[in-house]
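Notes follow the structure.
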Protein chains: 4
Amino acid sequence: MVKQTEGVDKRSQILATALKLFNSQGFHGTSTASIAKAAGVATGTLFHHFPSKEALLEILFLSVKQEFANALGAMAVPEGELKQQARTLWLGAIDWGMENPDKQQFFQQFSLSVEIPLPLREEAMQGILGFIGAMILEGQKRGVIAALPLPLLLENCHGQYLSASRFFLDRPALARDETHREASFQLFWNALRP
Amino acid sequence: MVKQTEGVDKRSQILATALKLFNSQGFHGTSTASIAKAAGVATGTLFHHFPSKEALLEILFLSVKQEFANALGAMAVPEGELKQQARTLWLGAIDWGMENPDKQQFFQQFSLSVEIPLPLREEAMQGILGFIGAMILEGQKRGVIAALPLPLLLENCHGQYLSASRFFLDRPALARDETHREASFQLFWNALRP
Amino acid sequence: MVKQTEGVDKRSQILATALKLFNSQGFHGTSTASIAKAAGVATGTLFHHFPSKEALLEILFLSVKQEFANALGAMAVPEGELKQQARTLWLGAIDWGMENPDKQQFFQQFSLSVEIPLPLREEAMQGILGFIGAMILEGQKRGVIAALPLPLLLENCHGQYLSASRFFLDRPALARDETHREASFQLFWNALRP
Amino acid sequence: MVKQTEGVDKRSQILATALKLFNSQGFHGTSTASIAKAAGVATGTLFHHFPSKEALLEILFLSVKQEFANALGAMAVPEGELKQQARTLWLGAIDWGMENPDKQQFFQQFSLSVEIPLPLREEAMQGILGFIGAMILEGQKRGVIAALPLPLLLENCHGQYLSASRFFLDRPALARDETHREASFQLFWNALRP
DNA sequence: AATGAATGAGTATTCATTCAT
DNA sequence: AATGAATGAATACTCATTCAT
């Protein structure tokens, strides 16, 4: 009933197009005109849906982050041994990245970038790392995670996740290789051991 | 005999100024005119020394990278227990970042950024991670480092270093705190354990 | 209903203004900003209609050339003595130049200039000299034009036309003087006699 | 005794280099820096010998013009039938152009160009066309040249010479072909016949 | 909501020219 | 005379944003 590409409302078209173009050309390397053109809308239309180019980026960032957070939430298992929970989450996060390479790459590029205003970045981090923070605290209580300062642990988790997903993003074939998948989790989990 | 700021040749002035401005305003947020002005030279002078704004960034990147590599090289101890060597390097790298916050921040911003052409980025990584690569191989031979794929280990080290130095850059006081210093190293070293 | 100068669409305004300014100040002596200002549009508007200053010149060149070719085509008489046909064309061409001094001067300046890419220049020449070429061939068949190599004849016609129109452009009063008009044609036609 | 390229004083080097570069890239397309570099001198040196880029062009123009005038003067024969004198001059001028293609091309490009200030251009024309003017007057007295207005005749001669030399410059092989050489003269001389 | 022509401030870069050495 | 680093005004072109339709 609804045409595949046209029916999707223009707002979504613009968001999807911006995601791709920001990835391949960077934020400053992508003009609003080129986004509009690639999305098949007029230049003015972009500004009907988003007050500014910056706002477009922020909204895009928030929506990708939300999607990622939802995906993580859906795969979390509340019970069982902590290491198994962590492995589920870790591998699930890696897999999500491989299934959504555009969004994953977008994260790589913008989750630490000055293009995203600091408050937004921090808020996003907290939202996503909230899971992890809770899990770490629980792990420390159970004595399976080292009693190191939490902020340092969170920053470390973030860094390891970024580097692992960067690694697999650059070598998609290895993301299906059990050895490498397991190795990446081992590095992550080992770091946290007491 | 030579004036403190004037005597330093203009090329260096421009590099030093660009470093600061790129840090605070980003690459695209900094105009060449503003660099020249802040460096106390004419706009033409910048282009007398650097063929383009991009080239200026790349040269800056290479020079900071070289300085960092030299610093690492100077602190490496060839003999002794591997863990001690690693600790020396790790804490030394953290300290170098604290002593050169501008350069450290520059690295945070550009070592993964699309602003730096990929070949240059990779070359820089290899140059700096060369030390680490050798050390990891030695550690695997001695059985004190896990027998995981080297590229994955290197990417992981890089990620952990970036996150640790980001952590301390945001909280300079903690960089002097022995607990946090040691904790950061522990996370790094633990990750690599067999 | 439509204002005299405003109503004409901005693209035409820009073309007309560029014609005058290129004539009086040369291509390199005329900045795009000055064209826009004199045309009463914003700087960006010029580049909205023309991709570059060079393109503006080329489009202008082609449009003037087309207008001239059309004018020549309209005055050609298919039948009759060849010399009379030639006189009609020659004087018509001179008159067109006097009635469109700006366009005529533009031709003087650019029809041989390196500013216009060679292929464009040649194409324009062929378009305009097509008439003449056919007429020369016919004249040679009838034995009223010397059997000299055609390319040389064409180049010669071009040269004589440029010099004659240059002469009259510099002395507009003489362009109405029957003696001079006839003299200019005599020089042209005599050259071609067997 | 004197080195081929170095010994020639730098002033001449600059002139010779400018001639070539102006020809191939145009006046505005050639930077003083590029002239200096190609001439093997420092940028400052150019301005020691010539007060400005414009002055360099004018001096170059005058020197080429002088050389051409001298060449014409050397080949003029004071006595004999006028047509033979004219043929000698015409073919001599064509030959000079073929032997000095750079200078010939320079003339094509600048003898009518706005780059050369009008007074200078006119003066140069008069210098060179002086010969021709005298010859035309003599021809009219003898009744072998049409009694048309002199300025028109001069402009016409100029135009025919430019087109003929342009023709041969583009087809150097034909400049040795007797048919084409003779044809070019025939066009020129025929035009002037009563 | 959608359009796309129009805007004009902003930017990288060029280049003739100067001048201390 | 010769050098070449330094200058800074000038310029083509970009692009986020607006607004009349």
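Computed from heavy atoms alone, side chains included, the values below leave out hydrogens, waters and symmetry copies. Proteins come first, then strands; the chains are lettered A, B, ... in the order of their sequence lines, and each starts at number 1.
Within the structure, side chain to side chain donor-acceptor pair (under 3.5 Å) pairs that include any residue of residues 50-68 of chain C comprise Gln66(C)-Asn70(C), Glu67(C)-Lys103(C) (at least two apart or interchain).
Evaluation of the side-chain hydrogen bond (donor to acceptor under 3.5 Å, both in side chains) rule for Ser24(A) yields no partner, not counting sequence neighbours. Not counting sequence neighbours, the partners of Leu112(A) by the side-chain contact (heavy atoms from CB on, under 4.5 Å) test are His158(A), Leu162(A), Arg166(B). With sequence neighbours excluded, the residues that form a ring pair (Phe, Tyr, Trp, His ring centres under 6.0 Å) with Phe68(A) are Trp96(A), Phe107(A), Tyr161(A). Among residues two or more places apart in sequence or in another chain, the ring pair (Phe, Tyr, Trp, His ring centres under 6.0 Å) test is passed with His48(D) by none.
Atom-to-atom, NZ of Lys37(A) to C1' of dC15(F) comes out at 15 Å; the value is rounded to the nearest Å. Look at CD1 on Ile35(C): it is 17 Å from P on dA6(E), rounded to the nearest Å. Whole-Å rounding puts the Ile14(D) CD1 to dT17(E) C1' distance at 14 Å. Atom CZ in Phe27(B) sits roughly 10 Å away from atom C1' in dA12(E) (whole-Å rounding). One can place CZ of Phe47(A) at 7 Å from P of dT18(F), the figure rounded to the nearest angstrom.
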Check the interface with nucleotides 3-5 of chain E: list each N/O to N/O pair with the protein under 3.5 Å, or write none.
unit_1: dT3(E); atom_1: OP1; unit_2: Lys10(A); atom_2: NZ; d: 3.3
unit_1: dT3(E); atom_1: OP2; unit_2: Ala42(A); atom_2: N; d: 3.2
unit_1: dT3(E); atom_1: OP2; unit_2: Thr45(A); atom_2: OG1; d: 2.5
unit_1: dG4(E); atom_1: N7; unit_2: Thr43(A); atom_2: OG1; d: 3.1
unit_1: dG4(E); atom_1: N7; unit_2: Gly44(A); atom_2: N; d: 3.0
unit_1: dA5(E); atom_1: OP2; unit_2: His48(C); atom_2: NE2; d: 3.1
unit_1: dA5(E); atom_1: O5'; unit_2: His48(C); atom_2: NE2; d: 3.4
unit_1: dA5(E); atom_1: N6; unit_2: Thr43(A); atom_2: OG1; d: 3.1

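Taking a pair as Watson-Crick or G-U with both hydrogen-bonding distances under 3.5 Å, the stems of three or more pairs touching DNA chain F are E:2-21 with F:2-21.
Between Thr32(A) and dA16(F) there is a side-chain polar atom (N or O) within less than 4.0 angstrom of OP1 or OP2.
Between the side chain of Ser111(B) and the main chain of Gln108(B), no donor-acceptor pair closer than 3.5 Å is present.
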Tell me which donor-acceptor pairs under 3.5 Å the side chains of residues 14-23 of chain A have, and how far apart each pair is, sequence neighbours excluded?
unit_1: Thr17(A); atom_1: OG1; unit_2: Gln13(A); atom_2: O; d: 2.7
unit_1: Asn23(A); atom_1: OD1; unit_2: Phe106(A); atom_2: N; d: 3.2
unit_1: Asn23(A); atom_1: ND2; unit_2: Asp102(A); atom_2: O; d: 2.8

For residues 36-44 of chain B, please give each side-chain donor-acceptor pair under 3.5 Å, one per line with the distance, not counting sequence neighbours.
none

Would you give me the side-chain donor-acceptor pairs under 3.5 Å for residues 116-123 of chain B, sequence neighbours excluded?
unit_1: Arg121(B); atom_1: NE; unit_2: Ser113(B); atom_2: O; d: 3.2
unit_1: Arg121(B); atom_1: NE; unit_2: Ile116(B); atom_2: O; d: 3.0
unit_1: Arg121(B); atom_1: NH2; unit_2: Ile116(B); atom_2: O; d: 3.2

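Ser34(C) comes within 4.0 angstrom of nothing in the nucleic acid, heavy atoms only.
Contacts between residues 55-62 of chain C and DNA chain E, defined by a heavy-atom separation under 4.0 Å, are absent.
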